[in-house]
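We count ligands from 1, going down the list as the structure has it; atoms in each ligand are counted the same way. The analysis underlying the following values was restricted to heavy atoms, covering all of them including side chains, and did not include hydrogens, waters or symmetry mates.
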Amino acid sequence: MTDRSVTSSAALFERARAVTPGGVNSPVRAFSAVGGTPRFIRSARGAWLTDVDGNEYVDLICSWGPMLLGHAHPQVQAAIAEAVSRGTSYGTPTEPEVLLAEEIVSRTPVDKVRFVSSGTEATMSAIRLARGFTGRDLVIKFAGCYHGHVDTLLASAGSGLATLAVPGTPGVSASTAAETIVLPFNDREAVAAAFAEHGPRIACLITEATPGNMGVVPPGPGFNRFLAQTCRDHGALFISDEVMTGFRATREGGWGLDGAVEGWTPDLMTFGKVMGGGFPAAAFGGRADVMAHLAPEGPVYQAGTLSGNPIATTAGLATLRLATPEVYAALAATAETIKSAVADALTAVGVPHVVQAAGTMFSVFFRDGAVTDFAGASGQDTAAYAAFFHAMLDAGVYLPPSAFEAWFVSAAHDDRALSAILDALPGAAKAAAAIGTGTA
Ligand SMILES: *Cc1c(COP(=O)(O)O)cnc(C)c1O
């Protein structure tokens, strides 16, 4: 058990670094982009985190999206406790899997879903299925979109548009990367050129419904519809990765912002984060005829010991059932309050910035002008963000420790949490102004 009298984040980080690379189990947690010591969190309730040092923070990460209702929601906790009392994993089909699948099918255009344990597994499996269904190998993705640490998707653009990619990290083989084409987001001409050059070999195009992993960069009007249509014209599958946006951007996810309005559907979709209710659960799903290619119905193999785990699916189901239209309206209002307060605070001291949003998800870029792709996102003043981040943290507000991440609110962000954020902003804006080099 933790002994609070002798434990601190600094001491734990030192011990962690001795036994874990970088002291963390996912790189962004290490604070590398902003400097300083990551806080080790001991507990969380509603909109608040408490670290092992005894400090409280308003949480604007929400576990990178999942905690839509806030931490330790009483009804979700009760559902989890009840499920745990009946055992934690059986390796058999269970009822909560069916109920959660029905909930997902009712909110999105997918006909069928298969559960996995992480978003990475969801996109990896969706790509395997797309390749198995089409009998083709090439995959198109966009620079700045993150789809988990799948080898095929950790690729960087090659020497020109429509050329095959190179490894995005050591450890991805050149031949694997060469099965991927990496294009600039929001660039229709680049997409058309890639299909013109490689069309008959392209299995699928994968995109974040609204990119949130380079900061929030909404697709231009009709861009996703154009992608869906271009894929269809060339016999490729359109995969919309909604691991972040799913059940978060809107009740219907990112698709609720365009596809639901414009009347198109992705061939495959991936989900994670919110649908796991804070547990490792994710899913991929889509057209019945495509999903029918998956084992045991079809020939494309995919499996998982803990897939559809009864505790994880119970937590996800409880979360989604409590995420009513009223909850999304409240989240949108909370996001609006924070977005305008941040913009006001930064404007007041002349820090260049632009706030971009997709439904209830948003982020702040520390540069002027709309950001439409990864090159634009990269032009931020990251030093100004680091100063802003640390001033907010010192004032008790926990922002993402990187300028390239979305900010997440929860239904538990009440007036007390909002006041804490609003009170912290002017000082943090001044800290950013003091270090700011202007638009980089
Ligand atoms: C988080 C994320 C993933 C990866 O999910 P993990 O559960 O971290 O493996 C994939 N795609 C998108 C869009 C994400 O935001």
Side-chain angles (χ1 to χ4, degrees), residues 24-30 61-68 104 108 113-130 139-155 168-169 180 182 185 204-219 224 227 238-250 253-257 266 268-286 302 304 306-309 312-313 315-316 319 358-363 374 377 400-402 404-408:
V24 293
N25 287 301
S26 200
V28 74
R29 298 178 195 167
I61 303 181
C62 289
S63 189
W64 301 95
M67 309 321 295
L68 188 82
I104 291 173
T108 69
V113 288
R114 167 66 55 84
F115 292 128
V116 291
S117 300
S118 71
T120 294
E121 251 188 287
T123 58
M124 178 185 78
S125 306
I127 281 170
R128 183 182 309 136
L129 179 57
V139 173
I140 296 181
K141 78 168 289 266
F142 293 108
C145 283
Y146 176 69
H147 304 289
H149 62 98
V150 180
D151 281 21
T152 305
L153 301 172
L154 289 178
T169 169
T180 305
V182 182
F185 189 66
C204 60
L205 179 151
I206 184 168
T207 184
E208 289 184 61
T210 285
N213 283 292
M214 51 177 148
V216 175
V217 178
N224 281 334
L227 297 178
F238 177 48
I239 305 177
S240 184
D241 180 356
E242 294 240 26
V243 171
M244 181 183 287
T245 51
F247 321 112
R248 162 60 75 174
T250 73
W255 181 78
L257 296 169
L268 289 172
M269 299 176 82
T270 52
F271 308 103
K273 299 196 168 106
V274 170
M275 63 150 281
F279 282 83
F284 62 104
Q302 189 279 328
L306 292 176
S307 293
N309 172 270
T313 46
T319 299
T360 74
M361 262 167 55
F362 63 97
S363 73
F374 187 55
S402 160
F404 296 90
E405 302 288 353
W407 299 18
F408 297 101

Neighbouring protein residues of ligand 1 - any heavy atom closer than 4.0 Å: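 Its neighbours under 4.0 Å (heavy atoms only) are Ser118, Gly119, Thr120, Tyr146, His147, Gly148, Glu208, Asn213, Asp241, Val243, Met244, Lys273, given by chain and number.
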
Any Ile104 side-chain heavy atom under 4.5 Å of Phe115 side chain: yes

Any Phe408 side-chain heavy atom under 4.5 Å of Met361 side chain: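 Sidechains of Met361 and Phe408: in contact.
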
Partners meeting ring-ring contact (aromatic ring centres under 6.0 Å, His included) with Phe185 (sequence neighbours left out): Phe142, Phe223

Nearest-0.5 Å distance that lies between atom CG in Asp241 and atom NZ in Lys141: 10.5 Å

From Lys273 atom NZ to Arg248 atom CZ, the distance as rounded to the nearest 0.5 Å: 10.5 Å

Pair Arg114-Gln302, side chain to side chain donor-acceptor pair (under 3.5 Å): steps then yes or no: CA-CA 9 Å; Arg114 167 66 55 84; Gln302 189 279 328; 2.9 Å; yes

